[in-house]
Amino acid sequence: MSVVFGLAAVIAFMGALGVVLSQRTIYSAMSLVLNMVALAVLFLLLDAQFIAAVQIIVYAGAVMVLFVFIIALLSPGAEERLRSVELRLLLGGVGAVAFTLLIGRLTLNGITVGAHGRLHGALGPFSPVAVNAHGQVQTLGDQLFTTYLLPFEVTSLLLLVAAVGAVYLSRRRRQVA
Amino acid sequence: MSGLFPGFLILSAAMFAIGAAGVLVRRNPIVVFMCIELMLNSANLALVTYARYTHTMAGQVFALIVIAVAASEVVVGLALITGVYRSGRRLDLDELSEMSE
């Protein structure tokens, strides 16, 4: 278990670094695909099978195809190296390390993990054993269409607005004489 | 398995920080969008981690919603980028700052 976690975590980390540090846009996109596939493995480790499948289908499939399509269409070349780029990367790296330490310190503050992977405090009814007995997708679907129905409907509205907005933005404008 | 809980959160924090640094450092708008995707993904990882270790379902439901939001955000963003490209300007965020003036 921890071997799989270590491998997937290292691959996800390398992919994340590759997105920022790659000189060519298409290499950034491929690094992001690597990162997303490694994240899907991590979701499987966390007993979230449906999220892992959606991650592969929507992210690594649809979203990244869109990215690669736009990159091929616009063919942006390599970013020109300016003198300030190295300084920017250095500052960005220092900022990223500091930010990681800050978030890590805050999130792990006061959290203690006891035996059997239990966090201290009240636990919900959806233990991995119970969820897998009922079916992971069934449990998620039950929750999505009962307790979380309003966020679900708002999300569908958001998708409609995004589709209309994208059509409006990318239509060919008639020249006004 | 219990020992991995901090590992997931630290990886999530590192990915978020890398994405945030990328948004600030890179000048290509397409790469900036990919860095935003990276930040959303790290938020997803934290949500699912907490859902798993507190035995709740809310984290997974909201991870699903975050994925939908990210997909719609990419659609609108890439439409904006093609619009900028078609208007004949170079895809460079430092040169596209005229909107703020």
Side-chain angles (χ1 to χ4, degrees), chain A residues 1-2 5 9 12-13 16-17 19-20 25 28-29 32 35-36 39 42-43 46-48 51 54 58-59 62-63 66-67 70-71 74 76 79 88-89 92-93 95-96 99-100 103-104 107-108 113 116-117 119 123-127 139-140 143-144 148 151 155 158-159 162 165-166 169-170, chain B residues 1-11 13-22 24-28 30-31 34-35 37-38 41 44-46 48-49 51-58 60-65 67-76 78-83 85 91:
Chain A
M1 197 67 107
S2 52
F5 170 76
F13 187 71
L17 280 183
V19 173
V20 179
T25 318
S28 290
L32 192 54
N35 175 272
M36 284 167 177
L39 267 190
L42 292 177
F43 288 151
L46 288 167
D47 296 301
I51 304 292
V54 169
V58 175
Y59 258 130
V63 169
L66 200 60
F67 265 115
I70 293 293
I71 291 169
L74 305 186
E79 250 175 54
R88 281 198 198 190
L89 281 179
F99 199 46
T100 306
I103 301 180
T107 50
L108 297 179
V113 184
H116 312 298
L119 291 180
L123 288 180
F126 298 103
S127 71
T139 314
L140 190 61
Q143 288 295 305
L144 193 60
Y148 301 102
T155 308
L158 175 76
L159 283 174
L169 282 173
S170 59
Chain B
M1 195 67 190
S2 61
L4 293 183
F5 177 70
F8 281 110
L9 288 184
I10 289 170
L11 177 66
M15 272 174 55
F16 190 90
I18 291 171
L24 296 176
V25 164
R26 296 299 301 257
R27 293 178 304 152
N28 186 334
I30 299 177
V31 178
M34 285 193 256
C35 291
E37 295 299 308
L38 206 58
N41 261 317
N44 268 350
L45 182 61
V48 176
T49 303
R52 164 68 178 73
Y53 284 99
T54 55
H55 294 187
T56 48
M57 219 60 198
Q60 290 195 28
V61 172
F62 279 104
L64 208 57
I65 290 174
I67 289 176
V69 168
S72 52
E73 174 245 326
V74 164
V75 166
V76 174
L78 290 181
L80 276 174
I81 290 176
T82 49
Y85 182 79
L91 287 178

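The figures here come from the full heavy-atom set of this structure, side chains too, leaving out hydrogens, waters and symmetry mates. Here is the naming used below: chain letters follow the sequence lines, and residue numbers restart at 1 for every chain.
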Go through B/Asn44 and A/Phe43 one step at a time and tell me if the side-chain contact (heavy atoms from CB on, under 4.5 Å) criterion holds.
CA-CA 9 Å; B/Asn44 268 350; A/Phe43 288 151; 4.1 Å; yes
For the residue pair B/Arg52 and B/Phe8, establish whether any side-chain heavy-atom pair is separated by less than 4.5 Å.
no
Portion of A/Leu32 that has a non-hydrogen atom of chain B nearer than 4.5 angstrom
side chain
Using non-hydrogen atoms only, which part of B/Leu64 is less than 4.5 Å away from chain A: side chain, backbone, both, or neither?
both
Within-4.5 Å side-chain heavy-atom neighbours: A/Ile51 and A/Leu46:
no
Residue A/Thr155 versus chain B: region with a heavy atom under 4.5 Å
side chain
Which bit of A/Tyr148 comes within less than 4.5 Å of chain B, counting heavy atoms only: side chain, backbone, both or neither?
side chain
Heavy-atom pair count under 4.5 Å with chain B, highest-scoring of A/Ala166, A/Ala16, A/Gly95
A/Ala16
Among the options A/Ser2, A/Ala12, A/Ala9, A/Ser127, pick out the one with the most heavy-atom pairs lying under 4.5 Å from chain B.
A/Ser127
Residues in side-chain hydrogen bond (donor to acceptor under 3.5 Å, both in side chains) with B/Thr56, at least two apart?
B/Thr54
Please flag which part of B/Ala58 lies under 4.5 Å from any non-hydrogen atom of chain A: side chain, backbone, both or neither.
both
Out of A/Leu17, A/Thr100, A/Leu39, A/Val19, which residue meets the side-chain contact (heavy atoms from CB on, under 4.5 Å) rule with B/Met15?
A/Leu39
Would you name the heavy atoms of B/Ala79 and A/Ser170 that are closest together and state the gap between them?
CB-CB, 4.4 Å
side-chain hydrogen bond (donor to acceptor under 3.5 Å, both in side chains) partners for B/Glu73, two or more places apart
none
Please identify, among B/Ile65, B/Thr82, B/Leu80, B/Ile81, the residue contributing the most non-hydrogen atom pairs under 4.5 Å to chain A.
B/Ile65
Looking only at A/Gly93, A/Ala48, A/Gly165, most heavy-atom pairs under 4.5 Å shared with chain B are made by A/Ala48
Is there a side-chain contact between A/Ile71 and B/Met34 in this structure, where contact means two heavy atoms from C-beta onward sitting under 4.5 Å apart?
yes
What option among B/Leu78, B/Val69, B/Thr49 has the most heavy-atom pairs under 4.5 Å with chain A?
B/Leu78
Given a strict heavy-atom distance threshold of 4.5 Å, which part of A/Ala62 is in contact with chain B: side chain, backbone, both, or neither?
neither
